[in-house]
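Written out below as structure tokens is the structure these notes cover.
Whatever order the structure lists ligands and atoms in, that order sets their numbers, starting from 1.
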Amino acid sequence: MGLDINVQQGQYNDIHPTVEFIPFGKPGQVRIGDCNTIGANVRIFVGPGGIKIGDWNTIHTGTTIIGNGPFEMGHNCWVGQNAYLDHTGTLLIRNGVTIGVGTHIWTHIARGEQLEGWRYNVDERVELQDDVWLVGGGSYVAPNVTMGRRSVALALSAVTHDVPPDTAVAGVPAEEVADLVLRTPLDLNAKMALMETWVREFCADRKYPFTVQASNISLNNGTHVITILKDSYLPTTGIGVSSTFFHLDSKHYTKRLTPLEREFITFLKANRARFIPA
Ligand SMILES: CC(C)(COP(=O)(O)OP(=O)(O)OC[C@H]1O[C@@H](n2cnc3c(N)ncnc32)[C@H](O)[C@@H]1OP(=O)(O)O)[C@@H](O)C(=O)NCCC(=O)NCCS
């Protein structure tokens with residue numbers, strides 16, 4: 001039986017030639033979306049559970065993704081150098097998740113000698129929901145943990161229990177840091193104002209024309225168009241392969257992969273704004 005790995009990938013990925021896909025049992029399907037960056041010496045073990053990676057993720061040098069269970073990563077995630085992501089159980093990393101340098105995530109525990117009565121020989125599931133942030137580095141996430149949407153674990157945490165959404169934890173074992181204000185939510189008008197600032201900066205550097213109205217901002221490079229919409233109404237005109245719409249309230253965008261769209265997302269995605277393909 002051959003153990004060739006079937007890697008299906010989209011466009012504009014930057015996968016370093018030293019990246020290895022390594023069979024772990026009978027390898028399942030590897031599906032990689034578009035515009036991902038996978039750095040030198042990243043090792044990805046592929047078991048029957050397969051590997052699914054969305055768009056615009058960055059996985060830095062030396063990271064190991066190891067196991068034979070399912071591994072899923074959504075869009076816009078960032079993994080620091082030398083992270084160790086175990087998917088012997090199931091590892092689900094949703095959208096916009098940040099995993100600091102050298103983080104270890106474990107979905108199994110083994111090696112306890114069963115003949116001597118050791119209890120721990122289990123495969124579990126870990127889920128990091130949208131916009132989870134394992135800050136800095138050196139944290140550990142235990143098997144059977146779900147970190148809720150926008151939760152944060154500060155550097156060097158050992159996360160041994162579920163973390164509720166919008167909560168910060170720290171320490172070993174990690175406990176809630178109640179007085180840490182994680183963010184100040186912005187309304188749609190404030191978001192439009194920020195986007196306008198960034199569009200002005202983006203267009204000034206490139207000499208692209210743009211227009212600003214109360215409910216939308218539009219820019220173009222002479223060939224392709226971007227329109228940022230305050231509300232998620234579906235436009236009835238202007239929909240085409242050369243035109244990308246970004247919706248501020250749903251945070252979705254109509255992915256077209258035009259050069260302008262990719263240039264704009266590259267400008268935004270580090271820590272200004274992240275959008276999900278509709
Ligand atoms: C240790 C382990 C087996 C405990 O699992 P469990 O029986 O479900 O028990 P819990 O997760 O509730 O942990 C029991 C207590 O130990 C604490 N604990 C677990 N890991 C800890 C750590 N690294 N540092 C400090 N405390 C820890 C928990 O916070 C919990 O404390 P509490 O009862 O005050 O809440 C589990 O955390 C685990 O599997 N860890 C290791 C995973 C691993 O390294 N796998 C690699 C492959 S072998």
Problem - Atoms in ligand 1 with a heavy atom of P173 nearer than 4.0 Å - result: 25 (C), 26 (N), 29 (O)

Practice task
Could you tell me which atoms of ligand 1, counted from 1 in the order shown, lie closer than 4.0 angstrom to a heavy atom of V172?
Solution key: 24 (N), 25 (C)

Please check if the side chain of [X] supplies one atom and the backbone of [Y] the other of a donor-acceptor pair under 3.5 Å.
X: S139; Y: L154; value: yes
X: N13; Y: G33; value: yes
X: N6; Y: Q29; value: no
X: N82; Y: V101; value: no

Which residue supplies the protein heavy atom nearest to [atom], what is that atom called, and how far is it?
atom: atom 21 (C) of ligand 1; result: T160 CG2, 3.6 Å
atom: atom 1 (C) of ligand 1; result: I109 CD1, 4.8 Å
atom: atom 42 (C) of ligand 1; result: Y140 OH, 3.4 Å
atom: atom 31 (O) of ligand 1; result: H161 NE2, 4.1 Å

Handout entry: N57 and its side-chain hydrogen bond (donor to acceptor under 3.5 Å, both in side chains) partner, picked from N76, N95, N36
Key = N36

For the student: nearest non-hydrogen atoms of [X] and [Y], plus distance:
X: V169; Y: V163; value: CG1-CG1, 3.9 Å
X: K269; Y: T58; value: NZ-OG1, 3.7 Å
X: N121; Y: Q114; value: ND2-CG, 3.4 Å

Any protein heavy-atom neighbour for [atom] (distance below 4.0 angstrom)?
atom: atom 35 (O) of ligand 1; answer: yes
atom: atom 12 (O) of ligand 1; answer: yes
atom: atom 40 (N) of ligand 1; answer: yes
atom: atom 3 (C) of ligand 1; answer: yes
atom: atom 16 (O) of ligand 1; answer: no
atom: atom 9 (O) of ligand 1; answer: no
atom: atom 46 (C) of ligand 1; answer: yes

Exercise for the section: Would you indicate whether the side-chain heavy atoms of V30 and I44 approach each other to under 4.5 Å? Expected result: no

Problem - Geometric class of the F267/F264 ring pair [parallel <30°, tilted 30-60°, perpendicular >60°] - result: parallel

Practice task
Output yes when the distance from some N or O of ligand 1 to some N or O of Y120 is under 3.5 Å, and no in every other case.
Solution key: yes

Handout entry: Whether H108 lies under 4.0 Å from ligand 1, heavy atom
Key = yes

Practice task
Take every heavy atom of H104, measure it against each atom of ligand 1, and state whether any distance is under 4.0 Å.
Solution key: no

Problem - For ligand 1, the portion of A110 having any non-hydrogen atom under 4.0 Å away - result: backbone

Practice task
Would you confirm whether the ring centroid of Y140 sits within less than 6.0 angstrom of the ring centroid of H104?
Solution key: no

